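Below is one structure, written out as structure tokens; comments come after it.
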Amino acid sequence: MTALVHTRADLAAALDGAGGEIAVVMTMGALHEGHRQLMRTARERSAFVVVTIFVNPLQFGPNEDFEKYPRTLDEDLAICRAEGVALVFAPSRDDVYPHGAPSITMDPGALGSILEGASRPGHFSGMLTVVEKLLLLTRAGVAYFGEKDFQQLALVRRMARDLELPVEIAGVPTVREIDGLALSSRNRFLSPDQRRSALALSRALREGATHTDPGAVLAAAGKILADEPGVLVDYLELTGADLGPVPAEGPARLLVAAKVGATRLIDNVPLTLHKEV
Ligand code: AMP
């Protein structure tokens, strides 16, 4: 049975009966196969999985889609039940922020100022602040995050490390549609034409990752994006595997963000660079 609680008092009471390690999967709802994969991975290890569903106002900018973000609690609950989740915590804004907007928040540091951080000021501070609160409220021993939001995963890992949070942060590879599109709650906003255009993101990353020289990687991926008029690129960047500088050789990451119509999409892939011989 999956229990649903809305308040922190009911959450605490439900957690008192957990026994054993608690795993958490944090989401903003509108659950899809990507979220399900996080739940399944969590269930493999932990009997007691908590899913949080909270569209966090603190991580949305003034011109972003907070109001418009899909909210589908009944469908989300059915998915959590099907995945054997023990507890769903779907709090109100007041339950997460009982004293109003917090005056002390997380500073994501240098890693939070590149890529998404450059395009979305305040986003990562808001995200880390709610993640820290939800980790404590859910008493999680392990928390699962998708590689789909690769910079988020890297920042949460670093927060746990730098602030000695007693939690393990586990990453889960990106789940895609058969044609390559990374699953996202925002995909439902795409018209059929826009969905076709959006495929250029994963196609560009896949093509880029077939190359091993940084210039060739970016040229190949950039060409595919430039050839798709429905896609307005925000950034296409190659970094080290930990989002640091591009290494001369070895593991790296290729990341893209773009607008398709009014919908902002992000995606990324791992790749390996080699020196020319
Ligand atoms: P969201 O509801 O978009 O905030 O995402 C909640 C969690 O699900 C985050 O850890 C995301 O990285 C993860 N997630 C979202 N989409 C995918 C996907 N396509 N594959 C794997 N994980 C995902």
Side-chain angles (χ1 to χ4, degrees), residues 23-44 49-61 64-66 68-73 75-77 79-80 83 85 88-91 96 108 115-117 120 123-135 138 140 142-160 167-190 195 198-199 201-202 205-206 243 253 255-257 260 263-270:
V24 69
V25 174
M26 296 181 193
T27 79
M28 298 201 298
L31 302 180
H32 52 63
E33 197 56 35
H35 300 114
R36 293 184 84 137
Q37 188 58 37
L38 265 59
M39 296 176 208
R40 273 182 222 129
T41 310
R43 280 286 284 134
E44 279 168 20
V49 175
V50 182
V51 170
T52 67
I53 299 179
F54 181 59
V55 186
N56 175 34
L58 222 58
Q59 71 191 63
F60 285 77
E64 296 183 355
D65 55 356
F66 174 72
K68 196 176 110 177
Y69 200 84
R71 288 159 172 88
T72 60
L73 186 60
E75 289 96 319
D76 293 349
L77 257 184
I79 286 174
C80 292
E83 295 299 342
V85 166
V88 174
F89 179 45
V96 177
L115 301 163
E116 287 299 283
R120 304 183 66 189
H123 168 65
F124 284 132
S125 173
M127 179 279 290
L128 290 175
T129 302
V130 82
V131 167
E132 191 269 354
K133 284 166 78 77
L134 291 173
L135 286 174
T138 60
V142 55
Y144 293 83
F145 290 86
E147 290 186 359
K148 160 77 171 34
D149 301 276
F150 196 72
Q151 193 176 7
Q152 165 173 285
L153 169 62
L155 282 164
V156 172
R157 278 210 167 106
R158 191 159 298 185
M159 172 174 75
V167 64
E168 177 185 333
I169 305 302
V172 178
T174 302
V175 178
R176 299 176 180 282
E177 307 268 15
I178 235 111
D179 58 11
L181 184 69
L183 289 175
S184 162
S185 303
R186 291 185 170 98
N187 289 351
R188 70 189 66 202
F189 295 136
L190 300 171
R195 196 191 173 288
L199 277 178
L201 273 70
S202 52
L205 296 179
R206 210 168 46 233
L243 297 179
R253 206 88 193 176
L255 307 99
V256 67
V260 180
T263 308
R264 190 168 182 283
L265 301 174
I266 58 172
D267 198 355
N268 68 87
V269 291

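Both counts, for ligands and for their atoms, begin at 1 and track the order of listing. Model, not experiment: these values are computed from the prediction.
Counting heavy atoms from C-beta outward, N56 and V96 have side chains that stay 4.5 Å or more apart.
Sorted by first then second residue, the salt bridge (charged side-chain N to carboxylate O under 4.0 Å, His left out) pairs that include residues 26-35, not counting sequence neighbours, are E33-R40.
Every residue meeting the side-chain contact (heavy atoms from CB on, under 4.5 Å) condition with R158, not counting sequence neighbours, appears here in chain and number order: L111, R161, D162. Every residue meeting the salt bridge (Lys or Arg N to Asp or Glu O under 4.0 Å) condition with R120, not counting sequence neighbours, appears here in chain and number order: E64.
We find that D65 and R186 are joined by a salt bridge, their nearest charged nitrogen and carboxylate oxygen being less than 4.0 Å apart. With respect to the salt-bridge test (charged N to carboxylate O, under 4.0 angstrom), the residues R176 and D267 qualify.
At a heavy-atom cutoff of 4.0 Å, ligand 1 is surrounded by M26, T27, M28, H32, G34, H35, L38, Y69, F145, G146, K148, D149, Q152, P173, T174, V175, L183.
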